[in-house]
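This report refers to the structure that appears directly beneath it.
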Amino acid sequence: MPHFNFKGRNSRGELITGTLEGGDAGLIADQLMNTGITPVDIQASQRITGDQMPEWWRNLGRRAVTLLDLMLFSRQMYTLLKAGVPILKALAGLQESAINPTLIEVIKDIRVSLDSGRELSASMRRHPQVFSFFYVSLVRVGELTGQLEDVFLRLYNHLEFEKEIRESIRAAVRYPVFVLCAMAGAIVIVNLFVIPAFAKVYAGFKAELPFLTKMLIGFSNLMVETWYLQLAALIAAGLGFRAWIATRNGRYKWDRFKLRIPIAGKIILKATLARFARSFSLALQSGVPVVQALSTVALVVDNDYIGQRVEQMRDGVERGESVLRTAVAAGIFTPVVLQMVAVGDETGELDSLMREVADLYERDVQYEVKTLSQQIEPILIVGLGGLVLILALGVFLPIWDLGKAAIAK
């Protein structure tokens, strides 16, 4: 945290100067007032300390707070608060037992912020890289309703669900990505080492080569002569793609394209909708109004395309439309899900019905992941077979022709 130089007067009117560490000038003023010093002037210290280094430098080599760390934090907070342990004492215990150094620093800063009179949600809001907007919003609701321990339990269950969804998606794409990388590696090795060796042999025969062989040799020569340019172009394309998806428009288009990828797109869509339904159910169950719940959920679905559809639902509810009507207009839910939303909207049990929707989508994702290899294997086999056929014909056709010519003689 930054350091601040201060000037103040004690109860006897004497001038006191010094340097304190804190999040901002307001926290420094609170610390001085608590010690009986009336602050006169507070200025940010100009000396460079480890904490005042640029943010990227301070984060270099720092271990990030993982989803599992946040799950353990939420579960332990629920257990301690349910046992009647005060928040400050609970945080002190978690700070001592935490393993992740970054999480220890975050908990320490939260304790300092709580000591200065801030609420827990406001203290967590100072660390958006650890606590998402959705997480902080639910903690705020827990503070207002007096159900903070229940909120932490629900957040733990929600994070556990997020972890399962992410692992399911990783498992779904691991096999095809591995096969595609292996095919790309094979193409590079064949074009850089195998085909040039055969090209030297063919050149010694001084015979007319088949068109397919000429095409393979030409492509191989291009790779051998300009591999560094192609590598540079590939790196530039990767950096350009990352810069493009960092923009709002690029992110929106990429997220929409992901949902249209054959086979994998429907898995990503169902996983995203499961995340939406689970988050929406949790927000409603915690007492968040529908409009505010849709606003917060739109930020945690991890897909800008779906997020904008959720924001359209929120705008419709603000205009007085029902959740069902806005869900139909969004065009992202199946008829079965819309029927469940209709029942929940009519009976006032939308939170429990949305939880059922999340369970439904989650089961679909698990089924799709289990059958993914069966769906994608024929495509990969056909692609791999076609690649092998082209290479085999291009390499061995000249040998076959030369053999027939030799026999004819």
Residues in salt bridge (charged side-chain N to carboxylate O under 4.0 Å, His left out) contact with [X], at least two apart in sequence or another chain:
X	result
K258	D255
R140	E119, E143
E356	none
D315	none

Looking only at non-hydrogen atoms, find the nearest pair between [X] and [Y] and report the distance.
X	Y	result
A342	L324	CB-CD2, 3.5 Å
A98	I104	O-CD1, 3.5 Å
A293	L284	CB-CD2, 4.2 Å
T326	V317	CG2-N, 3.8 Å

For residues 272-279, tabulate all N or O donor-acceptor pairs below 3.5 Å that involve a side-chain atom, not counting sequence neighbours.
from : atom 1 : to   : atom 2 : distance (Å)
T272 : OG1    : I268 : O      : 2.7
R275 : NE     : E162 : OE1    : 3.0
R275 : NE     : E162 : OE2    : 2.9
R275 : NH1    : V301 : O      : 3.2
R278 : NH2    : D359 : OD1    : 2.8
R278 : NH2    : E362 : OE1    : 3.2
S279 : OG     : R275 : O      : 2.8

Please check this pair: side chain of S281 against backbone of D351, looking for a donor-acceptor N/O pair closer than 3.5 Å.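 Yes, the answer is positive, given that a donor and an acceptor are paired below the 3.5 Å cut-off.
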
Spell out, as yes or no, whether a donor-acceptor pair under 3.5 Å connects the side chain of S295 to the backbone of V291.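 Yes: the side chain of S295 pairs with the backbone of V291.
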
Are side-chain heavy atoms of [X] and [Y] found at a separation under 4.5 Å?
X	Y	value
V337	Y361	yes
I87	L148	yes
L192	S220	no
F131	L155	no
M183	L384	yes
I107	F73	yes
V341	L353	no
V290	F280	yes

Residue pairs fulfilling ring-ring contact (aromatic ring centres under 6.0 Å, His included) with at least one residue in residues 80-127, sequence neighbours excluded: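 For residues 80-127, and leaving out neighbouring residues, there are no ring-ring contact (aromatic ring centres under 6.0 Å, His included) pairs at all.
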
Pairwise ring-ring contact (aromatic ring centres under 6.0 Å, His included) hits with a residue in residues 290-319, at least two apart: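 Every ring-ring contact (aromatic ring centres under 6.0 Å, His included) pair that includes a residue of residues 290-319, provided the two are not neighbours, is Y252-Y305.
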
Rounded to the nearest 0.5 Å, how far does [atom2] of [Y] lie from [atom1] of [X]?
X	Y	atom1	atom2	answer
Q312	L294	CD	CG	12.0 Å
N157	Q285	CG	CD	9.5 Å
E160	L68	CD	CG	10.5 Å
S113	L91	OG	CG	10.5 Å
E349	R355	CD	CZ	10.0 Å
T334	K270	OG1	NZ	8.5 Å

Could you give all pairs that pass the side-chain hydrogen bond (donor to acceptor under 3.5 Å, both in side chains) test and reach residues 68-95, with sequence neighbours left out?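 Residue pairs with at least one partner in residues 68-95: T66-D69, D69-N100, S74-Y135, Q95-R111.
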
Quick one: side-chain hydrogen bond (donor to acceptor under 3.5 Å, both in side chains) pairs with a partner in residues 230-250, sequence neighbours left out?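 Found T226-Q230.
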
Restricting to ring pair (Phe, Tyr, Trp, His ring centres under 6.0 Å), what partner residues turn up for F219, sequence neighbours left out?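 With neighbours one apart ignored, the set is empty.
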
Please identify each residue that fulfils ring pair (Phe, Tyr, Trp, His ring centres under 6.0 Å) with F257, with sequence neighbours left out.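 Ring pair (Phe, Tyr, Trp, His ring centres under 6.0 Å) check on F257 returns W254.
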
Could you please spell out the steps behind the side-chain contact (heavy atoms from CB on, under 4.5 Å) verdict for I306 and L259? CA-CA 10 Å; I306 301 297; L259 303 179; 3.9 Å; yes

Quick test of your reading: applying salt bridge (charged side-chain N to carboxylate O under 4.0 Å, His left out), list the pairs with at least one residue in residues 328-345, sequence neighbours left out, ordered by first then second residue.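 Found none.
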
Above 12 or not: heavy atoms from other molecules or residues under 6.0 Å from CZ of F241?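 Counting neighbours around CZ of F241, more than 12 heavy atoms of other residues, nucleotides or ligands fall under 6.0 Å, so yes.
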
More than 12 heavy atoms of other residues, nucleotides or ligands under 6.0 Å from CD1 of I99: is that the case?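 No.
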
Using side-chain contact (heavy atoms from CB on, under 4.5 Å), reason through I110 and M124 one step at a time and then give a plain yes or no. CA-CA 7 Å; I110 291 175; M124 289 180 169; 4.1 Å; yes

